Amino acid sequence: QVQLVESGGGLVQPGGSLRLSCAASARTFSSYAMGWFRQAPGKEREFVAGISRNGDGTRYADSVKGRFTISRDNAKNTVYLQMNTLQREDTAVYYCAAAAAARRGDVYYAPALYNYWGQGTQVTVSS
């Protein structure tokens, strides 16, 4: 069983930045591919960014490409999402997810491929 705890959400003005963190309890964190998803009110959960086991592969939704950066520190069992140039459309609850038994280099974008989910952290972009 893996527990994921997100932090770093909050209220930010348009054009601002936030850095989300996700701490994992997994003893073998480096064996999990990780991802960030988000869900806005009245909308389905959508993929934001994903990263491979050792961080050499990343993937982004078109809507955040060039503004968001996913990274991980396997020594700290933590994955990050740096969000720059935030827009009102980025307002959502952001979830961290872990995919077990990930193949080296693989990055997953489908929610069904993730086994564990955090409780989410709210990001609100508003002036």
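Keep in mind it's a predicted model, so treat the numbers as computed, not measured.
Annotation for Asp62 and Lys65: closest pair OD1-NZ, 3.1 Å, computed over non-hydrogen atoms. Nearest heavy-atom pair, Ala99 versus Leu113, reported as atom, atom and distance to 0.1 Å: CB-O, 3.4 Å. Between Ser127 and Arg88, the shortest heavy-atom contact is OG-NH2, 2.9 Å.
Within the 3.5 Å criterion, the main-chain N or O of Tyr32 finds no donor-acceptor partner in the side chain of Asn115. Looking at Asn77, its side chain does come within 3.5 Å of a backbone N or O of Ala26 through a donor-acceptor pair. Although no hydrogens or angles enter the test, the distance criterion places a donor-acceptor pair under 3.5 Å between the side chain of Thr91 and the main chain of Val125. No donor-acceptor distance shorter than 3.5 angstrom exists from the side chain of Arg19 to the backbone of Gly9, with no hydrogens or angles considered. In terms of modelled atom types and a separation under 3.5 Å, the side chain of Gln3 and the main chain of Ser25 share no donor-acceptor contact. Of the possible polar contacts, one joining the Glu6 side chain to the Cys96 backbone as a donor-acceptor pair under 3.5 Å is found. A side-chain donor-acceptor contact under 3.5 Å links Tyr60 to the backbone of Ile70.
A heavy-atom distance below 4.5 Å is not found between the side chains of Val107 and Ile51. Residues Arg45 and Pro111 have side chains not in contact (no heavy-atom distance under 4.5 Å, counting atoms from C-beta outward). Using a 4.5 Å cut-off on side-chain heavy atoms (C-beta onward), Leu11 and Ser126 make contact.
Residues Phe37 and Tyr95 place their aromatic rings such that the two centres sit no closer than 6.0 Å.
Both Phe47 and Trp117 sit in one connected hydrophobic cluster of ILVMFWY residues. Membership requires side-chain heavy atoms under 4.5 Å apart, directly or through other members. No continuous path of hydrophobic side-chain contacts links Tyr80 to Met34 [ILVMFWY only; heavy atoms under 4.5 Å]. Val2 and Tyr94 fall within the same hydrophobic cluster, where Ile, Leu, Val, Met, Phe, Trp and Tyr residues are linked whenever their side-chain heavy atoms come under 4.5 Å apart, directly or through other members. Tracing side-chain contacts under 4.5 Å through hydrophobic residues (I, L, V, M, F, W, Y), one never reaches Val93 starting from Val48; they form parts of separate clusters.
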>> For Leu86 and Phe68: C-alpha separation, side-chain torsions, deciding distance, then whether side-chain contact (heavy atoms from CB on, under 4.5 Å) applies.
In response: CA-CA 9 Å; Leu86 282 161; Phe68 291 10; 3.8 Å; yes

> Which is it for Leu18 and Val123 under the side-chain contact (heavy atoms from CB on, under 4.5 Å) test, yes or no, and what are the steps along the way?
Replying inline: CA-CA 9 Å; Leu18 280 176; Val123 172; 3.9 Å; yes

> side-chain contact (heavy atoms from CB on, under 4.5 Å) between Val79 and Trp36: does it pass, once the steps are laid out?
Replying inline: CA-CA 9 Å; Val79 62; Trp36 286 97; 4.0 Å; yes

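To the nearest 0.5 Å, atoms OG (Ser63) and CD (Glu89) are separated by 9.5 Å. Arg67 CZ to Asn84 CG: the interatomic distance, rounded to the nearest 0.5 Å, is 9.0 Å. Considering CG of Asn54 and OG of Ser30, their distance stands at 8.5 Å, rounded to 0.5 Å. Here Thr28 contributes atom OG1 and Asn74 contributes atom CG; the two are 10.5 Å apart, rounded to the nearest 0.5 Å. How far CG of Leu4 is from OH of Tyr116: 9.5 Å, rounded to the nearest 0.5 Å. The CG atom of Asp56 sits 10.0 Å away from atom CZ of Arg72, with the distance rounded to the nearest 0.5 Å.
Under the 4.0 Å criterion applied to side-chain N and carboxylate O atoms, Arg38 and Asp90 are assigned as salt-bridge partners.
Between Ser52 and Arg103, the side chains place no donor N or O within less than 3.5 Å of an acceptor N or O (distance only, hydrogens not considered).
Aromatic ring pairs are classed by plane angle as parallel below 30°, tilted from 30° to 60° and perpendicular above 60°; the pair Tyr108 and Tyr114 is perpendicular.
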